[in-house]
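Remarks on the structure that follows.
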Amino acid sequence: MAKRSDLMTKGPERAPHRSLLRAEGFTDWEMERPIIGIANSFNEIIPGHSHLDKLVDAVKAGIYAAGGTPVVFNTIGVCDGIAMNHVGMKYSLPSRELIADSLEIMAMAHPFDGLVLVASCDKIIPGMLIAAARLNIPSIFLPGGPMLPGRVHGRDTGVDKVFEAVGRFKGGKISAAELKQFECSACPGVGSCSGMFTANTMSNLSEALGMTLPLGGSAPAVYADRLWIAKQTGLTVVQLVKNNIRPRDILTREAFYNAIATDMALGGSTNSALHIPAIAYYAEVDVTLADFGKFTEKTPHLTSLAPAGPHHVVDFFHAGGIPAVMAELRRGGLINEKAMTVFGKPVGKMLDAIKAGIKDQAVIRTLKDPVHRTGGLAVLNGNLAPQGAIVKQAAVAEEMLKHSGPARIFNSEDEAFKAIVGGGIRRGDVVVVRYEGPKGGPGMQEMLSPTAALAGMGMDKEVALVTDGRFSGASRGSAIGHVSPEAAARGPIAALQEGDIIEIDIPGKHLGVRLSQKEIKKRLAVLPKFEPKIKNGYLARYAELVSSADKGAVFPR
């Protein structure tokens, strides 16, 4: 049977190609085997990626053992925590498409028979999964694994608490020495930040999608389990090639719905509502923000993980991880058991094969005793968000589930952050941050600093934040993002004026402003033409192409 890699290894006309491969040490027998590309996002700036070289060595061992030939190449990666709250964050979401493009270029220029995608953090994970969907050659994703939590004052702590500590310090609640203690203790080693933030949400949802082996999303970066999974990933990709199981055999509508249901049970990052539709779009499956709303009422929230709760991803791993959650959801008929997986079996048979089940009901609750009866995420609609907005309702204080208050208008995250830490926000206000969407930002930067400052100053139970931008998975409080259409596209959020009364009803799935449609249209009609904040370079090109948030902030196919 012909292999894809024959394009560079077979026949007399490929002698120059083989000559170049031999220059790197390739032997005859290595060129006869399936050639597996390993997309490695290793670098020395992201804690979740600085150990990936060791994982890749384990993957290579698995590929060799299964009769394949591994070839490693690298991709870029942005650390959202380090890029936070400065111009660097504008580049984070746009890097997703750039990563997907780079993988496509490498896999088409060098026709690999299969791919192993190795990453840990935020936009890099969906970027690689988008590439897999577009290329549709046998592929498997290997996350780098979560960081262990740190310890401060005898309690497990993650990077979210460092951001909140800044707000507490600004509010005079802790000393500079205490802030330094959080800084030095919250992140004890390699891995993606320890809570169910965006990186770990996407790592775990890659399992629910069927693209990652069981427990690949939750086994800690420093555990031996991570190396075992890496070796098994290498073995498995060769089997995927031999059996011709491709990403689009796995990334079906049923798989995306399984991922959304699992996401609701996890109470994961709101960024999943950007990335799941985007991966689906490039797999030519129509999934939008509205689909998330279909799962909110029928899927219970089963875990209470940081930043919304006391547990971290290591606890989730020991409790059974994604297989345990999916097994429990299956009991309620909330999972499609026939969706295919890289495990080589459909979801139902995979769960049976590994005897999936909850090992610690304090961490993963049952359907009979959920954390909340409804899902962790909620989609809101109304005259302020005709195409939807999203909130992590699992991380909203009870008293803020329904709230109305005067709009405090800011046209950038920086303006809003300065007002919050400068004491310019009052109890009951609704902070509105606009022109931070995919086009308006450009790049739809995350806003952990404002939400963390509000939480650290004790105002997360008094003040809401609404934006056409997005939030870090570490955000908590009444933080409503992805308001669509965005201000730069002349969405209703652009019509808001200081003091307008914003109405939030999360149980009622409503986000509105006390204005008539006539008044909104009148205000929008007199707005000046939107002027891009950045007019050259990659972000300028990105802003010209990118879609709205409700469709996943994607490029036209």
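Note: hydrogens, waters and symmetry copies are ignored here, and every other heavy atom, side chains too, is used. Keep in mind the model is a prediction, meaning the values are calculated, not measured.
Remark: the Ser192 side chain and the Ser120 side chain contain no N/O donor-acceptor pair separated by less than 3.5 Å. For the residue pair Asn271 and Glu446, a side-chain donor N or O sits within less than 3.5 Å of a side-chain acceptor on the partner. Ser412 and Asp414 share no side-chain donor-acceptor pair at under 3.5 Å. Side chains of Thr198 and Ser269: a donor on one and an acceptor on the other come within 3.5 Å.
Side-chain atoms of Lys173 come within 3.5 Å of backbone atoms of Met457 as a donor-acceptor pair (strictly under, hydrogens ignored). In this structure, Arg434 contributes its side chain and Ala488 its backbone to no donor-acceptor pair below 3.5 Å. Side-chain atoms of Asn85 do not come within 3.5 Å of backbone N or O of Ser449 as any donor-acceptor pair. Of the possible polar contacts, one joining the Ser41 side chain to the Val118 backbone as a donor-acceptor pair under 3.5 Å is found.
Taking the six-membered ring for Trp and thresholds of 30 and 60 degrees, His301 and His372 have nearly parallel ring planes, at less than 30 degrees apart. Aromatic ring pairs are classed by plane angle as parallel below 30°, tilted from 30° to 60° and perpendicular above 60°; the pair Phe530 and Tyr435 is parallel.
For His510, the ring pair (Phe, Tyr, Trp, His ring centres under 6.0 Å) criterion is met by no residue, not counting sequence neighbours.
With Phe295 as the aromatic partner, Lys298 meets the cation-pi criteria of under 6.0 angstrom to the ring centre and within 45 degrees of the ring axis.
Note: His312 and Phe317 fail the aromatic proximity criterion, with ring centroids not under 6.0 Å apart.
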Evaluation steps, side chain to side chain donor-acceptor pair (under 3.5 Å), between Asp550 and Thr288: CA-CA 6 Å; Asp550 66 299; Thr288 68; 5.7 Å; no
